[in-house]
> 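My structure is below; once you've seen it, I'll send some questions.
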Amino acid sequence: MPIYLVRWPDLSASFVQAEGEAHLLDVLDQVGNPDDCEWSIYDGPLFIDFRLPVEWSVQEDRHRTPVAPEQVVLEDVGRLASGNVVEAIELSLAGADDGYETGAEVLRLAFPKLHALIERCSETGGEFDGEAALPEAELRQALHAELERFLRGSWRRAKLEKKTDAISTLAREMDLSVELARTYEEIARNQQSGGRDAERPPQEKPSTTPPLFRISNHHTEDCGQPPAIDGDGTGKYVGYFANQYGEQAVFVYDYQTREASVRMGETGWGKAHRVVDGRTEGIILTESEAMWIRACWLAAAKRD
């Protein structure tokens with residue numbers, strides 16, 4: 001699976017692993033609107049350090065003497081104890097040559113204007129080793145040029161505000177890229193046309209005899225008791241999904257509370273994961289799972 005180097009419209013960039021550009025768009029949409037991003041497959045050096053934010057030391061360390069456990073002293077662990085451990089992890093380029101080369105390659109690909117300034121300074125002032133000062137006026141000019149992507153995005157959003165077509169409206173209301181809005185609109189339209197009357201209010205949906213669709217739980221007992229959901233119940237939109245491995249999921253949207261959730265066998269049937277604006281909280285989804293949930297959200301929320 002390729003790794004993409006993504007440049008955001010501000011002065012930031014990200015490494016993202018995705019199956020392809022369609023999957024990449026969906027991953028980026030979990031963070032922000034990817035319409036103003038640029039990306040390329042990254043195949044350069046990659047050496048990044050991860051560090052827990054805890055200082056520690058060894059008391060009475062003696063040369064050529066093994067360290068005993070009681071000699072190890074941990075300092076303040078407040079950042080780990082009081083918050084999300086994953087979010088507290090500190091990232092930095094490795095001190096080795098490959099770490100430096102990783103940073104240099106990111107600069108070259110993601111921040112070409114700044115990289116060009118560094119190259120010019122290297123040519124005029126000898127080898128640039130990161131310690132020589134950059135001319136502030138030229139540095140500001142380069143950084144301003146790097147924000148051209150942000151300015152173009154501002155113009156794009158201003159034009160989008162004036163459009164009234166269905167795709168533009170969906171992209172604007174849900175802060176989606178136009179391409180994702182077009183994809184989800186098509187999926188939602190196909191779901192809505194799947195044999196039901198779109199004009200009929202939820203409470204008037206008729207029951208069917210025999211059942212139109214019936215499925216059993218395919219997960220083991222350690223996944224918990226599966227939900228018993230009546231698809232003919234009034235006031236709710238229900239969606240079902242199974243991936244290529246047979247892992248099942250159920251989406252429910254309540255028209256009265258306007259709240260949505262998804263239960264997945266692989267994460268334990270007993271936990272309902274909240275869905276807001278088509279995005280699921282607290283779990284990492286595959287491309288197909290994320291697209292299914294977004295399509296369910298659009299089909300339900302647009303009908304509400």
Side-chain angles (χ1 to χ4, degrees), residues 1-53 84-123 127-132 134 138-139 141-154 156 175-184 244 279-280 283-291 294:
M1 190 181 299
I3 294 177
Y4 291 85
L5 177 59
V6 180
R7 169 64 197 278
W8 294 91
D10 59 7
L11 299 177
S12 64
S14 303
F15 282 126
V16 182
Q17 190 174 47
E19 297 172 357
E21 291 198 354
H23 185 204
L24 176 66
L25 278 174
D26 200 69
V27 173
L28 294 177
D29 185 60
Q30 299 176 33
V31 178
N33 192 324
D35 253 344
D36 304 318
C37 293
E38 293 182 3
W39 55 79
S40 60
I41 293 179
Y42 182 81
D43 56 3
L46 186 59
F47 198 168
I48 299 174
D49 286 337
F50 298 82
R51 178 184 179 276
L52 294 177
N84 189 309
V85 175
V86 173
E87 293 179 356
I89 293 177
E90 297 174 349
L91 278 67
S92 63
L93 295 174
D97 289 343
D98 277 354
Y100 180 87
E101 293 299 326
T102 299
E105 187 68 357
V106 168
L107 275 177
R108 186 182 72 83
L109 296 174
F111 306 97
K113 304 296 192 302
L114 179 57
H115 181 267
L117 172 60
I118 295 173
E119 290 293 302
R120 289 198 303 272
C121 291
S122 300
E123 293 172 358
E127 183 179 356
F128 183 79
D129 59 5
E131 296 180 357
L134 295 173
E138 294 184 44
L139 175 59
Q141 184 178 9
L143 293 175
H144 198 275
E146 292 288 2
L147 289 170
E148 289 179 1
R149 188 175 287 101
F150 170 79
L151 298 176
R152 291 198 303 268
S154 176
R156 180 195 60 78
D175 193 24
L176 292 170
S177 72
V178 173
E179 184 174 346
L180 276 177
R182 186 176 293 109
T183 299
Y184 294 137
Q244 65 268 37
R279 299 180 178 90
T280 308
I283 50 174
I284 299 176
L285 303 172
T286 65
E287 177 185 7
S288 57
E289 290 168 344
M291 293 186 69
R294 183 62 59 82

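Keep in mind that this is a model prediction, so the values were computed, not measured.
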> State, with a plain yes or no, whether a side-chain heavy atom of L5 is found less than 4.5 Å away from one of W39.
no

> Roughly how far, to the nearest 0.5 Å, is CG of L143 from CG of L147?
7.5 Å

> Could you give the distance from CG (L107) to CD (E119), rounded to the nearest 0.5 Å?
10.0 Å

> When rounded to the nearest 0.5 angstrom, what distance separates OG in S40 from CG in L109?
5.0 Å

> Should L46 and D98 be marked as a side-chain contact (heavy atoms from CB on, under 4.5 Å) after you check the CA-CA gap, both sets of side-chain angles, and the distance that decides it?
CA-CA 7 Å; L46 186 59; D98 277 354; over 6 Å; no

> Is the shortest side-chain N to carboxylate O distance from R279 to D29 below 4.0 Å?
yes

> Give me the atom names and distance for the closest heavy-atom approach of M291 to D26.
CG-OD1, 4.4 Å

> OG1/T280 to CG/L285 distance, rounded to the nearest 0.5 angstrom?
4.5 Å

> Within the supplied structure, the quantity of interest is the number of heavy atoms (other residues, nucleotides, ligands) at a distance under 6.0 Å from N84 CG; does it exceed 12?
yes

> Looking at R7 and E148, is any side-chain nitrogen of the basic one under 4.0 Å from a carboxylate oxygen of the acidic one?
no

> Please check if the distance between the ring centroids of Y4 and Y42 is under 6.0 Å.
no

> Under the rule for side-chain hydrogen bond (donor to acceptor under 3.5 Å, both in side chains), what residues qualify as partners of N33, not counting sequence neighbours?
D175

> Could I get the full list of side-chain hydrogen bond (donor to acceptor under 3.5 Å, both in side chains) partners for S288, not counting sequence neighbours?
T286

> Does the side chain of L28 reach to within under 4.5 Å of the side chain of V16, using non-hydrogen atoms?
yes

> Closer than 4.0 angstrom, basic N to acidic O: yes or no for R182 and E179?
no

> Which pair of heavy atoms, one from L93 and one from G103, lies closest together, and at what distance?
CD1-CA, 3.6 Å

> Answer yes or no: are there more than 12 heavy-atom neighbours, outside I284 itself, under 6.0 Å from its atom CD1?
no

> Take atom CD in Q141; do more than 12 heavy atoms of anything else shown fall under 6.0 Å from it?
no

> Set out, in order, the CA-CA distance, both residues' side-chain angles and the distance that settles side-chain contact (heavy atoms from CB on, under 4.5 Å) for I48 and S92, then state yes or no.
CA-CA 6 Å; I48 299 174; S92 63; over 6 Å; no

> If I compare all heavy atoms of A18 with all of M1, which pair ends up nearest, and what's the gap?
O-CG, 3.0 Å

> Please report the shortest heavy-atom distance between W8 and S14, naming the atom on each side.
NE1-OG, 2.9 Å

> Please examine the side chains of F15 and V106, heavy atoms only from C-beta on, and report whether any two atoms are closer than 4.5 Å.
yes

> Indicate yes or no: at least one non-hydrogen side-chain atom of I41 is less than 4.5 angstrom from one of I3.
no

> What is the minimum heavy-atom distance between K113 and A142, and which atoms define it?
CB-O, 3.8 Å

> Taking the basic N atoms (NZ, or NE/NH1/NH2) and the acidic carboxylate oxygens, is any pair closer than 4.0 Å for D36 and R156?
yes

> Could you tell me which non-hydrogen atom of C37 sits nearest to which non-hydrogen atom of P9, and how far apart they are?
SG-CD, 4.2 Å

> What distance separates T102 OG1 from D49 CG, expressed to the nearest 0.5 Å?
10.0 Å

> I need the H144 NE2 to L11 CG distance, nearest 0.5 Å.
10.5 Å

